[in-house]
Amino acid sequence: MARLMTPFRTLRPSMRSLCVFPALLLILLATVPVLHAASGDEGNGRYRNPVLFSDYSDPDVIRFEKNYYLVASSFHFMPGIPVLESHDLVNWHIVSHVFPRLDIDPKYSMVGGNRYAQGAWAPSIRYHKGRFYVYFPTPKEGIFMSSAPSPKGPWTVPAAVIAGPGYEDPCPFWDDDGNAYLVHSRVGAGPLILHRMSEDGTKVLDDGKVIVDDPKLLPTLEGPKLYKRHGYYYIFAPFGGVGTGAQAVLRAKNIYGPWESRTVLEQGTTKVNGPHQGGLVDTPGGQSWFIHFSQRGGYGRILYLEPVQWKDGWPIIGSPIPGGTAGQPVADWPKPDVGKTWPIETPQTSDEFSSSTLGLQWEWNHNPDDSHWSLKERPGYLRLKASYAPDLIHARNTLTQQMEHESFDLTTRIDTSGMKDGERAGLVMFGFHASSIGIEQTAGKRQIVYEDASGKTTAVVPLQEADVQFRMHVADQQVSFSYSVDDGRSFQSVGSANPFYFSWWKAARPALFNYNTQTDAQTDGWIDVDWVRCYALPDSDDAASMSPPQHAGSTRP
């Protein structure tokens, strides 16, 4: 029966209303299958990979007491670097972001250019002497550090530990003797460079020493994570590129080497391409686990949880491959032993905009212009004000969230009465070759318009009412759109299903937008978004939906 139960919060509003009729609700729930896309938790003491069908790319993870914390790269999206919390490594929710914006270059605010594919690359998270530390690179500006007394913040303003372009993927390490170190790679991947670092983690103390450089056996080496265990130093580092790579572990008695290496996780006989880059974590009971990503086309780099066993001082990640040193990803496995069963959950998606702050699921496409959005001007609504842009890619204040499921419906209700001539607003699957449904206003008249992935725009129907609902349906790496002008009682489909794409090193994203194409446009036009609601749907078989590898080689543009 446990596998037949669906969490209350995932039910549609019409289904929630049935809670006043317990017997009827029980009958209804008995017919609702568990949606493994909605959670990796199978509800029976086991989990199914991926545990997060979402683009939390370049993940790192730590345990603090009995809780687990995960960070991931956010690139140009703001606020940057989401911090997720879990009690069992399977069920996760967002608790904070490391920084609200980056003001280290005007281009992060889309002034004089943009920073698509730049921004915060692969971060690391560690705990040291009462504070949590996150280190991350921006490829053009340097390596930065932010710290906080709690993973929920407040986080300090990121400060440069190493200034200048060309660095990537830093990881700090505080040794038993009190010495501190920072290891990182370079843009383009490899070699691995180790610095002495000040004990407070704010600066490096030397120019660094190359400790690993083996382009023949370890090509495209990056993303190092440094640990110490039973007298050995270990570096967990991916090699070979996003779509085709594997996970290596290097071991040494001295932190400067010499280092010996093994491949400890590879695709094997599975369909999980390029399984690598992540973090090692132990449970209080001594179990070892590894969280890593695998590229899934336009869905981005989704996350897998692997058991780790140790043999002769070396880890084997996943299910051991007979006759070798490596494992391969598991499809189904007993959950980590954390002493109790925790509720099934996935990171936040839906939002009623009833709070004075945006939900933690939301990220802007760059630094937002805070004068052009509000949750206070009309309480209970998100107001998005238009500013000039020639097209969507160059528009500010596009508000996005990650896809958290393989198959889902996402619906929003929008009041268009504040729009001005030249405005375009609506719902988009944001990324390369974006497709969308929205509203355009010309000469005081509004119409619903649809844009397909080729860029072709079609006028659908005049919009006579102020309120409209838009819906995107996502399945099998395609998105289709529909609209309702009768407050959701019926929806009319437009166009056909469109593919969506891996864009700027991130997955495609559902997003709300509003901009004005008139160069002399007044900037006082707006839309009011009443709510956004997302419902997971049964997804296709993992094998059938597997995408071919993309961007083989470096994980960097």
(message) With a sphere of 6.0 Å drawn around NZ of Lys228, does it hold more than 12 non-hydrogen atoms of other residues, nucleotides or ligands?
(response) yes
(request) Any chance you could measure His473, atom NE2, to Ser493, atom OG, to the nearest 0.5 Å? (result) 9.5 Å
(request) Report yes or no: do Tyr450 and Asn498 form a side-chain donor-acceptor pair below 3.5 Å? (result) yes
(request) In sequence, state the C-alpha distance, the side-chain angles, and the governing distance for Tyr127 and Tyr69, and then conclude on ring pair (Phe, Tyr, Trp, His ring centres under 6.0 Å). (result) CA-CA 10 Å; Tyr127 177 81; Tyr69 297 97; 9.8 Å; no
(message) If you compare all heavy atoms of Ser482 against all heavy atoms of Ile437, which two are closest, and at what distance to 0.1 Å?
(response) O-CD1, 3.7 Å
(message) For a 4.5 angstrom cut-off between non-hydrogen side-chain atoms, does Val479 reach Ser435?
(response) yes
(message) Looking at every non-hydrogen atom in both residues, tell me the closest pair between Leu102 and Tyr108 and how far apart they are.
(response) O-CB, 3.3 Å
(message) Pairing donors with acceptors under 3.5 angstrom, does anything connect the side chains of Arg509 and Gln402?
(response) yes
(request) Any chance you could lay out the side-chain hydrogen bond (donor to acceptor under 3.5 Å, both in side chains) test for Ser185 and Glu168, step after step, and finish with the verdict? (result) CA-CA 5 Å; Ser185 53; Glu168 69 176 23; 3.2 Å; yes
(message) Using every non-hydrogen atom in the two residues, find where Asn365 and Ala395 come nearest and quote the distance to one decimal.
(response) ND2-O, 2.8 Å
(message) I'd like to know whether Leu427 forms a side chain to side chain contact (heavy atoms under 4.5 Å, CB included) with Leu512, so could you lay out the CA-CA distance, the side-chain angles of the two residues, the decisive distance to 0.1 Å, and finally the verdict.
(response) CA-CA 5 Å; Leu427 180 66; Leu512 301 165; 4.3 Å; yes
(request) Run the salt-bridge test on Asp88 and Lys340 with the 4.0 Å N-O cut-off and return the result as yes or no. (result) no
(message) Under the rule for side-chain hydrogen bond (donor to acceptor under 3.5 Å, both in side chains), what residues qualify as partners of Trp92, not counting sequence neighbours?
(response) none
(request) Determine the minimum heavy-atom distance between Leu194 and Tyr256, stating which atoms define it. (result) CD2-CE2, 3.6 Å
(request) Could you go through the ring pair (Phe, Tyr, Trp, His ring centres under 6.0 Å) check for Phe77 and His366 one step at a time? (result) CA-CA 5 Å; Phe77 291 109; His366 275 65; 8.1 Å; no
(message) Could you measure the distance from the CG atom of Asp55 to the CH2 atom of Trp505? Nearest 0.5 Å is fine.
(response) 12.0 Å
(message) Just so I know, are the side chains of Lys311 and Pro320 near enough to count as touching, which here means a heavy-atom distance under 4.5 Å?
(response) no
(message) Ignoring hydrogens, what is the shortest heavy-atom contact between Val187 and Pro139? Give both atom names and the distance.
(response) CG2-CB, 4.1 Å
(request) Taking the side chain as every heavy atom from C-beta outward, state whether Phe239 and Thr220 have any pair of such atoms under 4.5 Å apart. (result) no
(message) With heavy-atom distances below 4.5 Å as the criterion, would you say the side chains of Val51 and Leu89 are in contact?
(response) no
(message) As a test of understanding, state which of Tyr227, Tyr133, Tyr181 forms a ring-ring contact (aromatic ring centres under 6.0 Å, His included) with Trp174.
(response) Tyr133
(request) Tell me whether the centres of the aromatic rings in Phe430 and Trp504 are closer together than 6.0 Å. (result) yes
(message) Would you say the rings of Phe500 and His433 are close, in the sense that their centroids are separated by under 6.0 Å?
(response) no
(request) Please work out which of the three classes, parallel, tilted or perpendicular, describes the rings of Phe144 and Phe136, given edges at 30° and 60°. (result) parallel
(message) Against His184, only a single residue in Ile143, Leu192, Asp169 fulfils side-chain contact (heavy atoms from CB on, under 4.5 Å); can you say which?
(response) Ile143
(message) Just verifying a value: how many Å separate Ser54 OG and Ile94 CD1, rounded to the nearest 0.5 Å?
(response) 8.0 Å
(message) Can you tell me how far apart CD1 (Ile104) and CZ (Arg115) are? Round to the nearest 0.5 Å.
(response) 8.0 Å
(message) Just to verify, what does Asn114 make a side-chain hydrogen bond (donor to acceptor under 3.5 Å, both in side chains) with, not counting sequence neighbours?
(response) none
(message) Using the salt bridge (Lys or Arg N to Asp or Glu O under 4.0 Å) criterion, which residues pair with Glu266? Sequence neighbours excluded.
(response) none
(message) Salt bridge check, Lys506 against Glu363: does any charged N sit closer than 4.0 Å to a carboxylate O?
(response) no
(request) Please work out whether the ring planes of Trp121 and Phe75 are parallel, tilted or perpendicular, with thresholds of 30° and 60°. (result) tilted
(request) Tell me whether the guanidinium CZ or amine NZ of Lys253 lies under 6.0 angstrom from the six-membered ring centre of Tyr232 and within 45° of its axis. (result) yes
(request) Please examine the side chains of Asp214 and Trp259, heavy atoms only from C-beta on, and report whether any two atoms are closer than 4.5 Å. (result) no
(request) For Gln328, check side-chain hydrogen bond (donor to acceptor under 3.5 Å, both in side chains) against everything at least two apart and list the hits. (result) Thr269
(message) With no hydrogens and no angle check, just 3.5 Å: does a side-chain donor-acceptor pair link Asp58 and Gln277?
(response) yes
(request) Determine, step by step, whether Phe132 and Trp155 satisfy the side chain to side chain contact (heavy atoms under 4.5 Å, CB included) criterion, reporting the C-alpha distance in whole Å, the side-chain angles of both residues, the deciding distance to 0.1 Å, and the verdict. (result) CA-CA 9 Å; Phe132 294 85; Trp155 292 90; 3.9 Å; yes
(message) Using only atom types and a distance under 3.5 Å, with no angle test, would you say the side chain of Tyr135 pairs donor to acceptor with the backbone of Leu182?
(response) no
(request) Identify the heavy atoms of Pro510 and Phe408 that sit nearest to each other, and give their distance. (result) CG-CZ, 4.1 Å
(request) Report yes if the side chains of Pro315 and Leu280 come closer than 4.5 Å at any heavy-atom pair, otherwise no. (result) no
(message) Checking Ile235 against Ile211 for the side chain to side chain contact (heavy atoms under 4.5 Å, CB included) test, could you report, in this order, the C-alpha distance in whole Å, the side-chain angles of both residues, the deciding distance, and whether it holds?
(response) CA-CA 11 Å; Ile235 294 176; Ile211 58 171; 3.8 Å; yes
(request) Report the C-alpha distance between Tyr299 and Met403 in whole Å, list the side-chain angles of each, state the deciding distance to 0.1 Å, and finish with yes or no for side chain to side chain contact (heavy atoms under 4.5 Å, CB included). (result) CA-CA 7 Å; Tyr299 289 109; Met403 292 183 282; 3.9 Å; yes
(request) Output the distance between atom CG (Asn49) and atom CH2 (Trp333), rounded to the nearest 0.5 Å. (result) 11.0 Å
(request) State whether the number of non-hydrogen atoms from other residues, nucleotides or ligands found under 6.0 Å of Arg186 atom CZ is greater than 12. (result) no
(message) Quick one about Glu85 and His93 (side-chain donor to acceptor, distance below 3.5 Å, no hydrogens or angles considered), yes or no?
(response) yes
(message) Taking the side chain as everything from C-beta on, heavy atoms only, tell me whether His87 gets closer than 4.5 Å to Asn67.
(response) yes
(request) Any chance you could measure Asn273, atom CG, to Arg296, atom CZ, to the nearest 0.5 Å? (result) 8.0 Å
(message) Applying ring pair (Phe, Tyr, Trp, His ring centres under 6.0 Å), can you list everything that pairs with Tyr47, at least two apart in sequence or on another chain?
(response) none
(request) Could you tell me whether Asp105 and Lys140 have a side-chain N and a carboxylate O separated by less than 4.0 Å? (result) no
(request) Report yes if some heavy atom in the side chain of Asp41 is under 4.5 Å from a heavy atom in the side chain of Lys335; otherwise report no. (result) yes
Donor-acceptor list for residues 284-292 side chains, cut-off 3.5 Å, not counting sequence neighbours:
residue: Gln287; atom: OE1; partner: Trp289; partner atom: NE1; Å: 3.2
residue: Gln287; atom: OE1; partner: Asp337; partner atom: N; Å: 3.0
residue: Ser288; atom: OG; partner: Asp282; partner atom: OD1; Å: 2.6
residue: Ser288; atom: OG; partner: Trp310; partner atom: NE1; Å: 3.0
residue: His292; atom: NE2; partner: Glu306; partner atom: OE2; Å: 2.8

